[in-house]
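The figures here come from the full heavy-atom set of this structure, side chains too, leaving out hydrogens, waters and symmetry mates.
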Amino acid sequence: MKITSVDIFQVKWNQQYGAWHPIVIRINTNDGISGFGESGIFYGDGEYGALGSLKDLSQLIIGQDPQNTEKIWQQFYQRTFWGKGSGTTFYAAVSAIDTALWDIKGKALDVPVYQLLGGQTRTEIPAYASQLQFGWDPETRYLATPADYAAVAKKAVAEGYKTIKIDPFMLDEHGHFGQKLIGLQDYAQLQLPVDRLKATRDAVGPEINLIVECHAGLDVNSAKQFLPLIEPLNIFYLEEPCSPLSSELTKQLKDVTAMPLASGERITTRFGFQPFITNRLLDVIQPDVAICGGISEAKKICDMAAAFDIGVQLHTCGTPIATAMALQLEAAVPNCFIHEQHEISLKPDNEWIGKFAQQPQDGVFTFSSRPGIGQELSDAAIKESHCETIK
C-alpha cells in the first residue's frame, strides 16, 4: 500500500465564532483506502501556519507505506529540523497526518483503532459538559450574571451530566470577552468569578463535579489570591491557572494548594509533558490528540502519565473528527477517565461536518465498532469546503 495524495480541507463554517476555521485532511492510497485526521490549530490565530506545515509535511509522505506510522512520525521528528522545536503549529500538522495514517491502518485491517492500541479497557466513558459560560445551547449565549451560570449548570445536569466545567473569568459582568486577571488583584476583581462558582455549586448541589477552567487568564500572583476563595466549593480540578508551558510556575501553585491541577491542551509531545509528569506537578493531563503529535504520541504521553498515577482527560475541541480521535484513545487507555464534551459539539454547524452521528447519551459515550477512527467528513462537508491536494 502506498500514499498517493493528501487532501487538505478548510472546512466551511457557516456562522458563530468568526475565528473558527476547521482543518481536516484525507490521506489517499493506491488501494482505495483513505484516512481522516484533524489539525487542532484552527481557532484563535494560527490556522495558516498549520496549513503551511501540512502542505510541507504532506509532500514528505507521498509514496510511503501509510501503515508505517512510527517510521513516519520519527521522520517528522528526526529529519525536519523543526520537529525538535515542539511548536504547536508544527505538531498540529503532524497530529492530523498521524491520525489519518492510523485511520487507514484500522480500515485496512477492518478494526477500530482502539483494537490496535491494545483493545478496549472500558465499554463506555462519562462525558462532562464543557464551557458552560457559552450557554450550552445550539446558539451561543455569553453569560454574565451568577444566576445565568446557575441556570445553565442545572440544564446540563438535567441532561445527565455528572461533571460540568465553567470558565468564570472569560466574560466580564456584561458578558463581553476580555477578562484577564494578571498580577495582584483588588479582591473586588475576584468577586464576580467567585460568585459565579458559588451560584453554580448551590444550583447543582454537592454531588456534581465542578471543573474550573482558567484558560491561563490568571498568573501565579492572582491565582494564589483566588484559590483559597474557591477551595470550600469542592472543585474537581482547576485547569490552566497560570502559564501552561512553565513547569516552575505550575510548581509554585502546586506547593500552596491541595486542589487538583490540570493542564496540557497547548503542550506538544512527550518531551513537553515530561517535566509536568515526572515531577508530578499536574494531577490531570490534558493532551489534545489534534495538537500533541497525534494518536502515536498521545498514547506515549498517557502511558508516561500512568507511571506517576496521573489521570488523563483528553482536550477535545473541534469537529466530529476530533471527537472520534479522542474516543479511540479513551477506549484503550486505562488512565483516561472522562471525555470533554465541548459546547461546540452542540452546534448544528459542527455536527453536519461528520458523516456519522456521535453524541453521548445521558452524559455517557459508548465506542463505535466502525473501522479506523470511526468518523469521516460528510459528503456535504467535502463538497462545500475548500480543498487543496498534495500529490
Side-chain angles (χ1 to χ4, degrees), residues 15-20 43-44 127-182 185 188-205 208-218 222-223 226-227 229-230 233-242 244 259 261-263 265-266 284 286 288 313 315-318 338-350 360 363:
Q15 60 181 356
Q16 303 186 54
Y17 298 133
W20 191 273
Y43 50 87
Y128 72 83
S130 180
Q131 310 300 339
L132 297 189
Q133 70 275 5
F134 296 139
W136 199 248
D137 285 312
E139 295 293 327
T140 298
R141 295 182 296 113
Y142 300 128
L143 304 186
T145 70
D148 292 336
Y149 283 72
V152 77
K154 291 176 70 173
K155 182 177 188 293
V157 169
E159 294 175 8
Y161 291 93
K162 306 263 191 273
T163 304
I164 59 177
K165 181 165 80 178
I166 290 173
D167 182 334
F169 306 99
M170 180 178 283
L171 305 172
D172 65 16
E173 67 272 21
H174 305 294
H176 298 153
F177 277 99
Q179 187 88 330
K180 295 283 186 181
L181 302 180
I182 305 299
Q185 302 292 309
Q189 290 293 108
L190 301 174
Q191 194 59 52
L192 180 60
V194 170
D195 288 346
R196 287 167 169 169
L197 293 174
K198 284 182 177 178
T200 300
R201 173 56 77 201
D202 289 344
V204 301
I208 298 300
N209 296 320
L210 176 56
I211 302 169
V212 177
E213 165 77 274
C214 303
H215 284 116
L218 304 174
S222 55
F226 178 70
L227 266 57
L229 302 179
I230 63 168
L233 300 180
N234 191 23
I235 302 304
F236 196 39
Y237 50 89
L238 184 73
E239 179 174 337
E240 278 196 336
C242 63
M259 194 180 305
L261 300 182
S263 189
E265 69 186 71
R266 302 185 231 207
V284 179
Q286 300 171 302
D288 189 318
Q313 175 250 289
H315 177 258
T316 309
C317 176
I338 199 165
H339 176 92
E340 179 173 17
Q341 176 71 345
H342 197 284
E343 63 89 33
I344 197 69
S345 298
L346 307 180
K347 310 303 185 197
D349 282 345
N350 205 26

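- Side-chain atoms of Ser222 and Gln185 include no donor-acceptor pair closer than 3.5 Å.
- Gln189 and Gln191 share no side-chain donor-acceptor pair at under 3.5 Å.
- A distance of 6.0 Å separates CD of Gln313 from CD1 of Ile211, quoted to the nearest 0.5 Å.
- The residue from His339, Glu340, His342 that alone fulfils the side chain to side chain donor-acceptor pair (under 3.5 Å) condition with Ser130 is Glu340.
- Remark: of the listed residues Ile164, Thr200, Asp167, Ile164 is the sole one forming a side-chain contact (heavy atoms from CB on, under 4.5 Å) with Leu132.
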Exercise. Check step by step if ring pair (Phe, Tyr, Trp, His ring centres under 6.0 Å) holds for Phe236 and Tyr128.
Key: CA-CA 12 Å; Phe236 196 39; Tyr128 72 83; 8.7 Å; no
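- Put simply, CD1 on Ile235 and CD1 on Ile230 are 4.5 Å apart, with the number rounded to the nearest 0.5 Å.
- Taking the six-membered ring for Trp and thresholds of 30 and 60 degrees, His315 and Tyr43 have ring planes inclined between 30 and 60 degrees apart.
- You'll find the side chain of Ile344 reaches within 4.5 Å of the side chain of Trp20, heavy atoms only.
- Ring pair Tyr161/Trp136 is perpendicular by interplanar angle, where above 60° counts as perpendicular and below 30° as parallel.
- From Ile166, atom CD1 reaches atom CG of Leu210 across 6.0 Å, with rounding to the nearest 0.5 Å.
- The shortest side-chain heavy-atom distance between Glu265 and Glu239 falls under the 4.5 Å cut-off.
- The structure places CD of Glu240 at 11.5 Å from CG of Leu261, a figure rounded to the nearest 0.5 Å.
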